[in-house]
Amino acid sequence: MDQRRLGSEGLVVSEIGLGCMGMSEFYGTGEEDESIATIRRAIDLGVTLLDTADMYGPFTNERLVGKAIEGRRDEVNVATKFGIQREEDGAMLGINGRPEYVRSACDASLQRLGVDHIDLYYQHRVDPETPIEETVGAMKELVEAGKVRYLGLSEAASETIRLAHEVHPISALQTEYSLWSRDVEDEILPTLRELGIGFVAYSPLGRGFLSGQIRRFEDLPEGDYRRSSPRFQGENFDRNLELVERVNEIAAEKGVTPGQLALAWLLQGGDDIVPIPGTKRREYLEENVAATNIELTEEDLRRIEEVAPKDVAAGERYADMSSVNR
């Protein structure tokens, strides 16, 4: 597994990471033993970036990751997030970036993960009621205290990133990026590259759509949050399925899956991009990791661009877009 540098502060991770969210919530039910086996298999394969958040579960995903890495802590970089505040019963309380909350959230995450430091600590969403300088100021204190090694933001706008980076170097921005979510190419990626900040691409398989495994709305389990996502609704679903079929044609010619083609496309987008496809099964993990061995030719890239240009996806990324890109 090749390594990639995120930011200028020294964070080096595997070229592909593992998103752990779906093991606990949002994408149907998970199975703990298989999820733990998947994380450990990822480590065996050289995956060193594990991504979680306090709100996944809520709180249970961090405990799961902590259990999975017990005895192997030194082999991984643990990334977690704060900022989307939830109750134990799952109720959403809103977005919180106040300094006192940053400190308490970090301590709680450390305890759940069973570690003495977090490698990459993200603000999950920007709190519009708290100046970003105050939030990142508190995050900087966590670095100085040895509780956190590197700082990140998620779904932040360019100006917010600049303001945050002035307070303390930001190592990575995590935002959705895939063949059907390319808006970051307009302003976000150029800003990151100007500032020397790495990019962590979540949902690189279009929330599973680009894997080719979802053919009907009914393929989504009951309780799966994608059932309420605009891109999985009605005519949007049908139009997006056509995109997957076009991608699949190119993938079939290369003898790979559509998901592998989508990941290879991201990996060839720059050495500062690290996709974190999520899965809760070892078979799909191994399929995703194998994408690191796929080389796309200029002709491949041209054809992919032709079938999946910017803004090709039908529907918004979220039903409520008010908390992203701010």
Side-chain angles (χ1 to χ4, degrees), residues 1-7 10-27 30-82 105-106 108-124 147-154 171-176 198-205 263 266-267 273-282 284-289 291-292:
M1 180 76 69
D2 288 340
Q3 306 295 298
R4 295 189 170 185
R5 181 178 295 274
L6 293 175
L11 177 58
V12 177
V13 301
S14 53
E15 62 184 323
I16 195 169
L18 175 62
C20 300
M21 179 187 78
M23 297 175 178
S24 299
E25 195 180 14
F26 300 114
Y27 290 170
E31 202 281 311
E32 182 174 298
D33 289 344
E34 178 61 20
S35 294
I36 289 173
T38 299
I39 293 172
R40 292 177 177 168
R41 178 59 177 154
I43 300 172
D44 291 340
L45 293 172
V47 174
T48 65
L49 180 62
L50 303 178
D51 186 86
T52 182
D54 58 2
M55 66 88 68
Y56 300 158
F59 313 122
T60 56
N61 196 245
E62 287 183 325
R63 296 189 184 102
L64 175 71
V65 171
K67 186 175 181 180
I69 66 172
E70 188 173 353
R72 306 189 71 174
R73 173 67 180 95
D74 293 343
E75 299 177 61
V76 295
N77 289 293
V78 176
T80 192
K81 314 175 197 73
F82 73 92
C106 178
S109 287
L110 288 169
Q111 184 175 29
R112 286 188 291 267
L113 288 162
V115 300
D116 62 5
H117 70 274
I118 294 163
D119 296 292
L120 178 56
Y121 200 39
Y122 294 99
Q123 182 183 19
H124 206 160
K147 296 180 178 182
V148 170
R149 294 176 64 213
Y150 303 100
L151 301 185
L153 301 174
S154 180
S171 292
L173 175 79
Q174 182 176 144
T175 291
E176 185 172 354
F199 188 97
V200 174
Y202 80 80
S203 292
L205 298 179
L263 289 172
L266 269 177
L267 287 165
I273 298 173
V274 176
I276 51 168
T279 184
K280 48 193 172 185
R281 296 185 180 89
R282 281 169 285 182
Y284 296 132
L285 164 76
E286 292 175 359
E287 178 182 312
N288 293 339
V289 169
T292 61

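Nearest heavy atoms, Leu6 versus Gly198: CD2-CA, 3.8 Å. Residues Val200 and Ala172 share a closest heavy-atom pair of CG2-CB, 4.0 Å. Of all the heavy atoms in Val47 and Val76, the pair that sits closest is O-CG1, 4.4 Å. Ala105 approaches Tyr121 most closely through the heavy-atom pair C-OH, 3.5 Å. For Ala291 against Leu263, the heavy-atom pair with the smallest separation is CB-CB, 3.7 Å.
Take Tyr122 and apply the ring pair (Phe, Tyr, Trp, His ring centres under 6.0 Å) test, not counting sequence neighbours, and it matches no residue. For Glu25, the side-chain contact (heavy atoms from CB on, under 4.5 Å) test picks out Arg86, with sequence neighbours left out. Taking Tyr150 as the reference, nothing meets the ring pair (Phe, Tyr, Trp, His ring centres under 6.0 Å) condition, with sequence neighbours excluded. Arg282 is linked by a side-chain contact (heavy atoms from CB on, under 4.5 Å) to Glu34, Ala37, Thr38, Arg41, counting only residues two or more places apart in sequence or in another chain. Considering only residues two or more places apart in sequence or on other chains, Ser171 meets the side chain to side chain donor-acceptor pair (under 3.5 Å) condition with none of them.
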Notebook entry, point to check: So Ile276 and Gln174, side chain to side chain contact (heavy atoms under 4.5 Å, CB included) or not? Walk me through it.
Noted result: CA-CA 10 Å; Ile276 51 168; Gln174 182 176 144; 3.7 Å; yes

Checklist line | Intermediate values then yes/no, side chain to side chain contact (heavy atoms under 4.5 Å, CB included), Arg4 and Phe199 | finding: CA-CA 10 Å; Arg4 295 189 170 185; Phe199 188 97; over 6 Å; no

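Atom CG of Leu266 is separated from atom CG of Leu205 by 8.5 Å, given to the nearest 0.5 angstrom. The distance from the CD1 atom of Ile16 to the CD1 atom of Ile273 is 12.5 Å, given to the nearest 0.5 Å. To the nearest 0.5 Å, the span separating CD on Gln3 from CG on Leu49 amounts to 10.5 Å. Here Asn77 contributes atom CG and Leu50 contributes atom CG; the two are 8.5 Å apart, rounded to the nearest 0.5 Å. Summarising the geometry, atom SG belonging to Cys106 is positioned 12.0 Å from atom CD belonging to Gln111; distances are rounded to the nearest 0.5 Å.
The residue from Glu287, Lys280, Glu286 that alone fulfils the side chain to side chain contact (heavy atoms under 4.5 Å, CB included) condition with Tyr284 is Glu287. Among Leu120, Ile118, Leu110, Asp119, the one residue that satisfies the side chain to side chain contact (heavy atoms under 4.5 Å, CB included) test with Thr80 is Ile118. The side chain to side chain donor-acceptor pair (under 3.5 Å) with His117 is formed by just one residue from the set Lys147, Arg149, Arg73; it is Arg73.
Pairs of residues two or more places apart, or lying in two chains, that qualify as salt bridge (charged side-chain N to carboxylate O under 4.0 Å, His left out) and include a residue from residues 48-65 are Asp51-Lys81, Glu62-Arg112.
Between Glu31 and Arg281 there is no salt bridge, since no side-chain N of the basic residue sits under 4.0 Å from a carboxylate O of the acidic one.
Two residues are said to be in side-chain contact when any heavy atoms from C-beta on lie closer than 4.5 Å; Ser35 and Leu64 meet this criterion. Leu153 has its side chain out of reach of Thr175: every pair of non-hydrogen atoms, C-beta onward, lies at least 4.5 Å apart. In this structure, the side chains of Ile39 and Lys67 stay at 4.5 Å or more apart for every pair of heavy atoms.
Under the 3.5 Å distance criterion, the side-chain polar atoms of Glu15 are matched with a main-chain donor or acceptor of Asp2. For Ser24 (side chain) and Met21 (main-chain N/O), no donor-acceptor pair under 3.5 Å exists by modelled atom type. A distance-only check finds a donor-acceptor pair linking the side chain of Ser14 to the backbone of Thr48 [under 3.5 Å].
Around atom CD of Glu70, no more than 12 heavy atoms belonging to other residues, nucleotides or ligands sit under 6.0 Å away.
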